[in-house]
Amino acid sequence: MADCVTKVELSVSCSDLLDKDVGSKSDPLCVLLQKDRGGKWTELARTERLNNTSSPSFSQRLRLGYHFETVQHVKFGVYDIDNSTSDLADDDFLGGAELTLGQIVSSKTVSRPLQLKEGKPAGKGTITITAEEIKDNRAIVLEMEAKGLDKKDTFGKSDPFLEFFKQGGDGKWQLVYRTEVVKNTLNPCWKKFSVPLQTFCSSDLEKPLKVNCSDHDSDGSHDLIGSFTTKVSELQKAAHGSPVEFDCIHAEKQKKKKSYKNSGVVCVKSCKLVTQYTFLDYVMGGCQINFTVGIDFTGSNGDPRSPNSLHYMSQDGLNQYLSALWSVGQVIQDYDTSVQTQTLHPEPLTYTLNR
């Protein structure tokens, strides 16, 4: 019988989010939670934060295990992030949606209205989730630059960034990656980046791709410089040391000007496919994990004769340090053929944990 457990990847976009910021739009982030058997919600993953937008399309995918035989309740929460802390308690809640993972994977794409609480809609806000099974452990590694881009800023040049889209089964373009913004230049060189091939092109080297080059504006109203279509098999031509160039075309400008050539050139400096090995690949390949322990016998822990001290030895001969070492060591020893643990001590000790 086939294994009923697999990994899925969820892409998230929203529209018509509530505006919680004064004088600008919200800075949304989406968090994914799953309900455990005890009914408690646990965070699994979250997207990146996008600035000043009420209709975000997140490039960070959310991954989780899909168990066919289990009803997996998941919840998506969208928040307006106005600080650098990871705690969402002090951020404005823009709405959420609760459903099962089975509903998502069986439909491939699901849209739901966002709710502030049950029975209370979050304005006209909606969330759209698309699911895709992860089957490929390869990744595409790209190095990109551009030359002679159009000037978009009044008192400067442009602040260009790239967005990569793949074509879905319904013909719509799905965002798969967004580069960083390079400030004030018409000849940007972006950092080398890697994207799972499953995410980038559904592992189909001939799948149509679209690349948008835009000028970043802090208010979220980014200006399109130009775009082009391609596929991974074309990008791979840069793997042989010869850069591949694409004309960056702005369709509206092309219609208006007969002499229009392009709005710059985007260049693929290098492209290669690599294997992304999992932790299990390393373990099964012979990787050994050594467990070395260092304990700080600081006086700030208090008198070891006091039950309040971390060094206190109970009547059964245990304390918090020993309990922690035992818990971790019992796991690690299975990945070390010596089955020994070393301690950092004036006179180093080596000992074996009993199974």
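Of all heavy-atom pairs between K269 and C189, the closest is NZ-SG, 3.8 Å. In plain terms, the two heavy atoms of S59 and R178 that are nearest each other are OG-NH1, 3.9 Å. Closest non-hydrogen pair, L62 versus A45, comes out as CD2-CB, 3.8 Å. Taking every heavy atom of both residues into account, D19 and S54 meet most closely at OD1-CB, 4.0 Å. P188 approaches P160 most closely through the heavy-atom pair CG-CG, 3.5 Å.
Hydrophobic clustering (ILVMFWY, side-chain heavy atoms < 4.5 Å, transitive): L18 and V31 are in one cluster. Linking ILVMFWY residues whenever their side-chain heavy atoms come closer than 4.5 Å, directly or via other members, leaves V176 and I129 in distinct clusters.
Checked options F200, F193, F165, F161; the residue passing with Y177 is F193 (criterion: ring pair (Phe, Tyr, Trp, His ring centres under 6.0 Å)).
Under a cutoff of 6.0 Å and an axis angle of 45°, K75 and W41 form a cation-pi pair.
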*asked:* side-chain hydrogen bond (donor to acceptor under 3.5 Å, both in side chains) for Q72 and T100? Distances and angles first, verdict last.
replied: CA-CA 5 Å; Q72 294 173 262; T100 67; over 6 Å; no
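Between L114 and L94 the shortest side-chain heavy-atom distance does not fall below 4.5 Å. At least one side-chain heavy atom of V8 sits under 4.5 Å from a side-chain heavy atom of V105.
Between the side chains of D159 and N184, no donor-acceptor pair of N or O atoms lies under 3.5 Å. Residues S11 and Q174 have side chains that never bring a donor and an acceptor to within less than 3.5 angstrom of each other. With no hydrogens or angles considered, a side-chain donor-acceptor pair links D219 and S221 at under 3.5 Å.
Ion pairing between E163 and K210 fails under the 4.0 Å rule for side-chain N and carboxylate O.
When atom types are taken as modelled, the side chain of H216 and the backbone of V181 share no donor-acceptor pair closer than 3.5 angstrom. Judged purely by atom type and a 3.5 angstrom limit, S107 has no side-chain atom pairing as donor or acceptor with the backbone of I104. Not one N or O on the side chain of R46 forms a donor-acceptor pair closer than 3.5 Å with the backbone of Q60. Remark: the backbone N or O of E98 is not paired with any side-chain donor or acceptor of Q115 at under 3.5 angstrom. Side-chain N or O atoms of K166 include one that pairs as donor or acceptor with a backbone N or O of T199 at under 3.5 Å.
Around the OH atom of Y260, the shell of radius 6.0 Å holds more than 12 heavy atoms that belong to other residues, nucleotides or ligands. A 6.0 Å sphere centred on NZ of K253 holds more than 12 heavy atoms belonging to other residues, nucleotides or ligands. By the 6.0 Å contact criterion, NZ on K151 is enclosed, its count of non-hydrogen atoms from other residues, nucleotides or ligands being greater than 12.
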